Number of protein chains: 2
Amino acid sequence: MSVRASRHATLLEVAREADASKTSVSRYFGGERERLSPALRQRIGEAARRLGYRPNQIARGLKGGRSRLLGMLVADIRNPYSIAVMHGVEQACREHGYSLLVANTDNDPAQERTHLALLASYRVEGLVVNVAGSPTRELQDMADQGLPLVLLDRWLAEVEADVVGLDNPLAIDMAVDHLRRQGYRNLLFLSEPLGQASPRQQRWQRFEQRLADEPTLYGERRAPPLGGEAVEDVVRDFLARTGRSAALLCANGNVTLAATRALQALGVPLGEVGLLGIDELDWCGLVPPGISTLAQPTEAIGRAAVQHLLARLDDATQPPRRTLYPARLNARGSTRLEGLNDNKEWQ
Amino acid sequence: MSVRASRHATLLEVAREADASKTSVSRYFGGERERLSPALRQRIGEAARRLGYRPNQIARGLKGGRSRLLGMLVADIRNPYSIAVMHGVEQACREHGYSLLVANTDNDPAQERTHLALLASYRVEGLVVNVAGSPTRELQDMADQGLPLVLLDRWLAEVEADVVGLDNPLAIDMAVDHLRRQGYRNLLFLSEPLGQASPRQQRWQRFEQRLADEPTLYGERRAPPLGGEAVEDVVRDFLARTGRSAALLCANGNVTLAATRALQALGVPLGEVGLLGIDELDWCGLVPPGISTLAQPTEAIGRAAVQHLLARLDDATQPPRRTLYPARLNARGSTRLEGLNDNKEWQ
DNA sequence: GCTCACAATGGGAACGTTCCCATCCTAGGT
DNA sequence: ACCTAGGATGGGAACGTTCCCATTGTGAGC
């Protein structure tokens, strides 16, 4: 009985201790216990416990190529949407015996490339990607090498991979319908600058399309920079020209935040000017009279991403799938034109 | 020239392609380029580029024990505080050539144990731990095995490890000072149930202590469950008994959220009853007239955690350090007794 | 009683690195 | 010219697994 060295016990040590072969011990921990006789099984179990043995995942990953690691590349880790999805991804990983290696790019395309390479070097078995730029080349290479890939929310037309996210056209339809039903007639669609982000583009386009089909509605689209006074200016201008029954439709959480600030700065009461945001945020219920939102089923989206990965790990040949979820409407005071209006929408 | 197999190029293949030995290639990628002659260096560089070679971190980790992985165990990944700190940790990791393996326990002690074991099995070189329960035994074992450990925010008295977090007594002092200066005289300290969480206990104790030193102030402490009506009841009761110049001091972000809801439900205007929260949140500036907070320097805390890890990796013998940061006061409308009061505090 | 299938077990070669230790060569000191 | 120090390079073992392929033992079928 020696002083416990400050190192980890190995498979071989357990084998010796249990008077078994390393193969048997490997089987014990590799989920093939039923192949072992009860006696041997017990000896190994005890020896392992005595030695505090834990299989070394690194070594495991090396031999079998099974790193049991899934990677997630996040464009902006501070975005509540990303977090919520990540939570779903992480849970699903855990349930399937995987661990999650997270890389955050802070929306920097250069970092994105670096991190992609990094994740690859850890031989992750699959990758959930929320792209910032357009690392088309890198992603296609990885896909070609047989690495299962899921594009989250944002997708790249050129990359053949599964896509999981929100049904954006439907979300815009729901938004426009809701606003119209609540009595708003002049809609301002506010987005962040479109850039490469596919959801922004989709929402932007669908809004236009939808407006064309609605003779009773008037609409405009703007994508001002979120930083300075731009949002406030745009909103002030719009309200001045359209007067009553105006509403803002915010394309994502950041915009909702900026728009809320702008309306507060302009001294316009929420509801009198409608405000509907895509993405649910903690505080939306708190700003009186409550900000209406279209919530994304983030948890489900995260889990779905992992499921796609696992399915593809199982059968690499499936054609790319696209899984889109509907948004859920949280109607609050910010889309009630007059305090005593119809209350049917409320839940 | 063969069809590129769907596998990764290996060190050996690069060596063959460059007509060099694997040792030389290993040196090239292991940061010992200066030991190679310029000619060889160039050959290897070109061969590697041609083959798209990337060192396999898994294999690296196996031989040298250098997994280049740092682990982070988070009690609640959806908590904005955790996220913010994680962002700092992740950045610091990246800057030092490490990757981050994140595990979320959802505040479940059982999961916590599991995940701790999991992280260990990936042979992370250091661990940032934001404990949920009291995995004292596991942590001490890991520390004994020579694994650098940093306790984040919450600490366990029994575990010998570095601690990084907020200077809680100082934060309470700042809070009490600010509230007194703003004219509040009756303070209600609201916390989540204390449990094992050291910061909650520290804040709770310091409040009592501080109140004892302030004859001009009256104070009470409560830790109601956050779920139902309890917070509202506690607040209503307190306000009924103390009347004017009452203020709530919220021990963390969750409590601030609950307290804000309660005050809104009671129809009490913010400011008339003071509200000061520990932890800055996105929406604190949005709820009129703005909620005052004590912000934690989360980014710095995250970076400090990694620095401690690296320092200990460098010299395992250092005694445990404790690094505490002061909070920063964001004074807003919720701690202005009357609209036209002194404005000195505003920034 | 002999063969054969099959269950239980073990030996050894990978996996892709790192690192210790040669080996070779050249230039400098004598 | 000879010895040697030291720079450049390479060979091989190890890291802790998994997995292919034996090797043993046991009872059923003939």
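Since the structure is predicted, the reported quantities are computational estimates derived from the model, not experimental observations. First the proteins, then the strands, lettered A, B, ... as listed; each starts at 1.
- Of the N and O atoms on the side chains of B:E13 and B:Y53, not one donor lies less than 3.5 Å from an acceptor on the other residue.
- Here the P atom of nucleotide D:dC15 and the CG atom of A:L11 are 13 Å apart, to the nearest Å.
- One finds a salt bridge joining A:R50 and A:E17 here, because a Lys/Arg side-chain nitrogen approaches an Asp/Glu carboxylate oxygen to under 4.0 Å.
- When heavy atoms are screened at a 4.0 angstrom cut-off, B:S37 is found touching the sugar-phosphate backbone but no base atom.
- At its two ends the helix from C:dG1-D:dC30 to C:dT30-D:dA1 runs along axes set 50° apart, each axis drawn from five pairs and the angle rounded to 10°.
- In this model, a side-chain donor or acceptor of B:R27 finds a partner on the base of D:dG10 within 3.5 Å.
- Atoms CG (A:N56) and P (C:dC15) sit 19 Å apart, rounded to a whole Å.
- Among the heavy atoms of the strands lying under 4.0 Å from B:L40 are primed sugar atoms or P, OP1, OP2 only; no base atom is included.
- Ranked by how close their nearest DNA chain D nucleotide is to the 5' end, B:R41 and B:K63 are led by B:R41.
- Of the N and O atoms on the side chains of B:S24 and B:S21, at least one donor lies less than 3.5 Å from an acceptor on the other residue.
- Put simply, CZ on A:R60 is 19 Å from P on C:dG16, counting in whole angstrom units.
- DNA chain C lies under 4.0 Å from at least one heavy atom of each of the following residues of residues 14-24 of chain A: A:A20, A:S21, A:K22, A:T23, A:S24.
- If you take CZ of A:R66 and P of D:dC19, they are 9 Å apart, rounded to a whole angstrom.
- The phosphate of D:dT17 (OP1 or OP2) has no side-chain N or O of A:S26 nearer than 4.0 angstrom.
- Applying the 6.0 Å contact sphere to CZ of A:R137 captures no more than 12 heavy atoms from other residues, nucleotides or ligands.
- If you check the side chains of B:R94 and A:Q111, you find a donor sitting under 3.5 Å from an acceptor.
- Side chains of B:Q91 and B:R303: a donor-acceptor N/O pair is present below 3.5 angstrom, by distance only.
- Side-chain contact of A:D106 with B:H87: a donor-acceptor pair under 3.5 Å is present, judged by distance alone.
- At whole-Å resolution of the value, CZ in A:F29 and P in D:dT17 are 9 Å apart.
- Contact of the B:S121 side chain with the A:N56 side chain is not registered, since no non-hydrogen atoms from C-beta on lie closer than 4.5 Å.
- Look at OH on A:Y28: it is 21 Å from P on D:dG16, rounded to the nearest Å.
- Between the CG atom of A:L62 and the C1' atom of D:dC19 there is a distance of 13 Å, given to the nearest Å.
- Among the atoms of the strands shown, only primed sugar atoms or phosphate atoms (P, OP1, OP2) are found under 4.0 Å from some heavy atom of A:Y53.
- As judged by a 4.0 angstrom heavy-atom cut-off over every strand, A:L36 is placed among residues touching the sugar-phosphate backbone only.
- No side-chain donor-acceptor contact under 3.5 Å links B:Q145 and B:D141.
- Protein atom CG of A:L12 is 12 Å distant from nucleotide atom C1' of D:dC15, rounded to whole Å.
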